Trainee: 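Structure in structure tokens, see below.
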Amino acid sequence: TLSEASDTFDSSDLTLSSGGSLSAFTSTSSTVYTVLYTPTATATTTVETISLAVGAFTDIAGNSNTATSTSISIDTEKPYALQVYAPLSK
């Protein structure tokens, strides 16, 4: 969510710390945007930081944005069974 309306903000303004990709970038208004993050298939990190550099876009008055970032937790590890019990047959 942006504090002021922008018509120049897009997904190329965002950078990822650990790889992966961003897709399905959509705006629901001139201040609210959503994007889908997908980690790489071989990702081993548990945190991804999505950053926006200073001056990446402008509001409709031409003012540049400030820098910001947010971190999200990711889990790409496949589940596994710790133990399996089977009764003995007689």
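This one's a predicted model, so the numbers in the text were calculated from it and none came from an experiment. We're numbering straight along the sequence, starting at 1.
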Trainee: Taking all non-hydrogen atoms of both residues, which atom of Ala24 and which atom of Leu36 are closest, and how far apart?
Mentor: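 Between these two residues, the closest heavy atoms are CB-CB, 4.2 Å.
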Trainee: Hey, could you give me the CG/OG1 distance between Asp75 and Thr46, rounded to the nearest 0.5 Å?
Mentor: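 Answer for the CG-OG1 pair, Asp75 versus Thr46, is 9.0 Å.
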Trainee: Can you tell me how far OG of Ser30 sits from CG of Asp59, rounded to the nearest 0.5 angstrom?
Mentor: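 Atom-to-atom, Asp59:CG and Ser30:OG are 10.5 Å apart.
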Trainee: Is Tyr37 close to Ile74 at the side-chain level, that is, under 4.5 Å between some pair of heavy atoms?
Mentor: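 They are in side-chain contact.
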Trainee: Output all residues satisfying side-chain hydrogen bond (donor to acceptor under 3.5 Å, both in side chains) with Ser29, sequence neighbours left out; order by chain, then residue number.
Mentor: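 Checked Ser29 against side-chain hydrogen bond (donor to acceptor under 3.5 Å, both in side chains); matches are Thr31.
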Trainee: With heavy-atom distances below 4.5 Å as the criterion, would you say the side chains of Leu22 and Leu14 are in contact?
Mentor: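 SC-SC contact between Leu22 and Leu14 confirmed.
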Trainee: Can you list every ring-ring contact (aromatic ring centres under 6.0 Å, His included) pair that touches residues 39-73, not counting sequence neighbours?
Mentor: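 Qualifying pairs, neighbours excluded: Phe9-Phe57.
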Trainee: Just jot down the side-chain hydrogen bond (donor to acceptor under 3.5 Å, both in side chains) partners of Ser12, sequence neighbours excluded, or say none.
Mentor: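 If we apply the side-chain hydrogen bond (donor to acceptor under 3.5 Å, both in side chains) test to Ser12, skipping adjacent residues, the hits are Asp10.
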Trainee: With sequence neighbours excluded, what pairs up with Ser18 under the side-chain contact (heavy atoms from CB on, under 4.5 Å) test?
Mentor: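 Partners of Ser18 under the side-chain contact (heavy atoms from CB on, under 4.5 Å) test: Thr45, Glu48.
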Trainee: Mind listing the closest non-hydrogen atom pair of Leu52 and Ala56 along with its distance?
Mentor: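 Answer, listing the atom of Leu52 first, then Ala56: CD1-CB, 3.7 Å.
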Trainee: Under a 4.5 Å cut-off applied to non-hydrogen side-chain atoms, are Leu2 and Tyr33 in contact?
Mentor: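 Heavy-atom side-chain distance check passes, below 4.5 Å.
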Trainee: Got Ile72 and Ile50 here, is their nearest side-chain heavy-atom distance under 4.5 Å?
Mentor: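 Counting from C-beta outward, Ile72 and Ile50 do come under 4.5 Å.
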Trainee: When clusters are formed from ILVMFWY side-chain contacts under 4.5 Å, directly or step by step, what else is grouped with Tyr85?
Mentor: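 So far as hydrophobic clustering goes, Tyr85 is joined with none.
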Trainee: Tell me the side-chain hydrogen bond (donor to acceptor under 3.5 Å, both in side chains) pairs involving residues 65-74, sequence neighbours left out?
Mentor: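 Checked against side-chain hydrogen bond (donor to acceptor under 3.5 Å, both in side chains) - neighbours excluded - the pairs reaching residues 65-74 are Thr49-Ser71.
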